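First listed ligand is number 1; within each ligand, the first listed atom is number 1. From a predicted model like this one, the values you see are computed outputs, not experimental measurements.
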Amino acid sequence: MSAHDSKDKKFLTRLTHAGSKPDEYHGAVNVPPHRMSTIVFRTFAEFEKVPDVPFSYGRAGTPSSAAFEEAIADIEGAFRSVATCSGLSAILTALLAFAKAGDHILMTDNCYGPSRKTCEEILRRFGIDVEYYPPMIGAAIEKLFRPNTKLVFMEAPGSLTYEVQDVGAILAAAKKAGVRTAIDNSWATPLFFRPIEFGIDVSVMSATKYVAGHSDVMLGVVSATEEAFPAVKRAALMLGLCAGSEELYLGLRGLRTLHARMQQHQKNALDVAQFLSLQPQVKRVLHPALPSCPGHENWKKYYKGSSGTFGIILHETNREKLARLFDGMEIFNLGFSWGGFESLLFPEQPKPIRTAETWAEEGFSCRIHVGLEDVEDIKADLAAGLKRLG
Ligand SMILES: Cc1ncc(COP(=O)(O)O)c(C=O)c1O
């Protein structure tokens with residue numbers, strides 16, 4: 001089936017085949033990695049056609065990036081997508097596509113930490129006014145709009161604290177004010193939420209996470225509507241952001257099994273979250289599909305499922321005891337990422353990071369990524385860890 005044929009097929013069929021071009025690659029199911037910087041033109045007339053040729057120079061696009069971008073745009077319901085070298089660079093692309101010196105942007109207070117750092121250390125330095133808004137602000141975001149507001153950036157659920165924003169109310173207010181919207185959709189992926197179809201201008205994903213899914217790739221992607229895409233593409237090109245051919249190949253390969261993996265991540269994570277919510281050492285479970293998570297109602301309203309990553313707050317804050325918990329884990333390791341096949345823990349405290357409002361929860365916060373191991377083993381590992389707290 002060619003990518004062209006797949007357009008009218010159902011979502012999972014498109015997820016399985018979009019971007020595949022066996023006719024062009026001797027029957028190969030997967031588009032092979034194209035290692036290209038220089039692309040030569042055999043005649044002056046051919047050279048003169050640039051930029052109206054599919055490929056002119058490696059940084060501007062290759063058959064590897066085209067295949068990955070075509071597949072992502074298809075499942076996002078986007079006009080087009082552009083691949084970048086990491087999720088963070090995809091976020092920077094979305095931010096710089098719409099804001100210039102003197103503009104104001106609204107960034108959710110529970111954004112991914114390095115997104116905030118990028119705002120502070122790059123955007124602010126170049127004269128863009130960044131204001132953080134409380135993630136549960138909903139329709140009241142309209143009070144923050146100024147004549148020079150160019151973008152509202154959302155992340156749902158947010159990093160570490162997992163509040164699920166009222167994306168519908170924020171979008172409606174932004175549309176009314178003529179302000180562009182973007183969202184970090186790495187947690188849900190288009191399987192569980194499709195921002196562009198929902199009406200958001202730009203969807204950003206760290207494809208490093210669930211899309212690639214095997215903890216061996218750094219990759220980002222920005223998808224946009226027809227109206228928003230030219231600015232996004234221009235920003236990625238001018239920032240010099242492009243993804244390596246092996247990474248694009250692995251990203252596209254990961255996409256083929258995304259659905260199967262996400263179903264299992266979802267099942268395992270829900271089981272683990274419910275188990276943890278019954279443990280006396282656990283103060284609160286921040287899983288969007290559980291009522292204990294702020295914005296659970298929004299998750300129910302807008303999302304089709306939940307992935308494998310959520311937060312917990314422990315009563316215990318003593319460092320020695322916490323070290324006993326983490327050091328003795330058998331399945332879980334500590335790591336900065338999530339979305340891979342393996343379970344991971346990430347201890348970090350949101351309180352000092354937040355500025356729009358105080359994160360009032362006392363206790364010790366920890367992100368849990370539930371992998372594809374046997375869920376009974378995962379729960380036993382966590383149960384033993386909690387026991388070590390004493
Ligand atoms: C929510 C979120 N967005 C974006 C990123 C950045 O992705 P990358 O590590 O691919 O740059 C991360 C990384 O952890 C993340 O958690």
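For atom 8 (P) of ligand 1, the closest non-hydrogen atom on the protein side is G87 N, 3.4 Å. For atom 7 (O) of ligand 1, the closest heavy atom belonging to the protein is S206 OG, 3.0 Å. Closest to atom 11 (O) of ligand 1, if we only count protein heavy atoms, is L88 N, 2.9 Å. Protein heavy atom at the shortest distance from atom 5 (C) of ligand 1 is Y112 CE2, 3.3 Å.
For residues 193-222, the salt bridge (Lys or Arg N to Asp or Glu O under 4.0 Å) pairs, not counting sequence neighbours, are R180-D201, R194-E197. Among pairs with a residue in residues 28-55, those fulfilling ring pair (Phe, Tyr, Trp, His ring centres under 6.0 Å) read Y25-H34, F41-F47, at least two apart in sequence or across chains.
Partner of H259 under the side chain to side chain donor-acceptor pair (under 3.5 Å) criterion, chosen from R261, R256, Q263: Q263.
Using a 4.0 Å cutoff on heavy atoms, I91 counts as a contact of ligand 1. Not a single heavy atom of M205 sits under 4.0 Å from any atom of ligand 1. In this structure, S337 falls outside the shell of residues with a heavy atom less than 4.0 angstrom from ligand 1. At least one heavy atom of W338 lies less than 4.0 angstrom from ligand 1.
Counting non-hydrogen atoms of other residues, nucleotides and ligands closer than 6.0 Å to CD of E48 gives a total above 12. Heavy atoms of other residues, nucleotides or ligands lying less than 6.0 angstrom from CZ of R146 number more than 12. The number of heavy-atom neighbours closer than 6.0 Å to NZ of K351, taken from other residues, nucleotides and ligands shown, is above 12.
For T208, a nitrogen or oxygen atom sits less than 3.5 Å from a nitrogen or oxygen atom of ligand 1, counting backbone and side chain alike.
Using a 4.0 Å cut-off to heavy atoms of S159, the atoms of ligand 1 that qualify are 1 (C). Atoms of ligand 1 lying under 4.0 Å from any heavy atom of E155, numbered from 1 in the order shown and given with element: 1 (C).
Here atom 14 (O) of ligand 1 lies nearest to K209 when heavy atoms of M218, K209, H369 are compared. The heavy atom nearest to atom 2 (C) of ligand 1, out of those in N110, D184, L92, is found in D184.
Two rings, from W338 and Y210, have their centers less than 6.0 Å apart. Proximity of the aromatic rings of F310 and Y162 is defined here by a centroid distance below 6.0 angstrom, and this criterion is not met. Checked against the 6.0 Å centroid criterion, the rings of F193 and Y303 qualify as a close aromatic pair.
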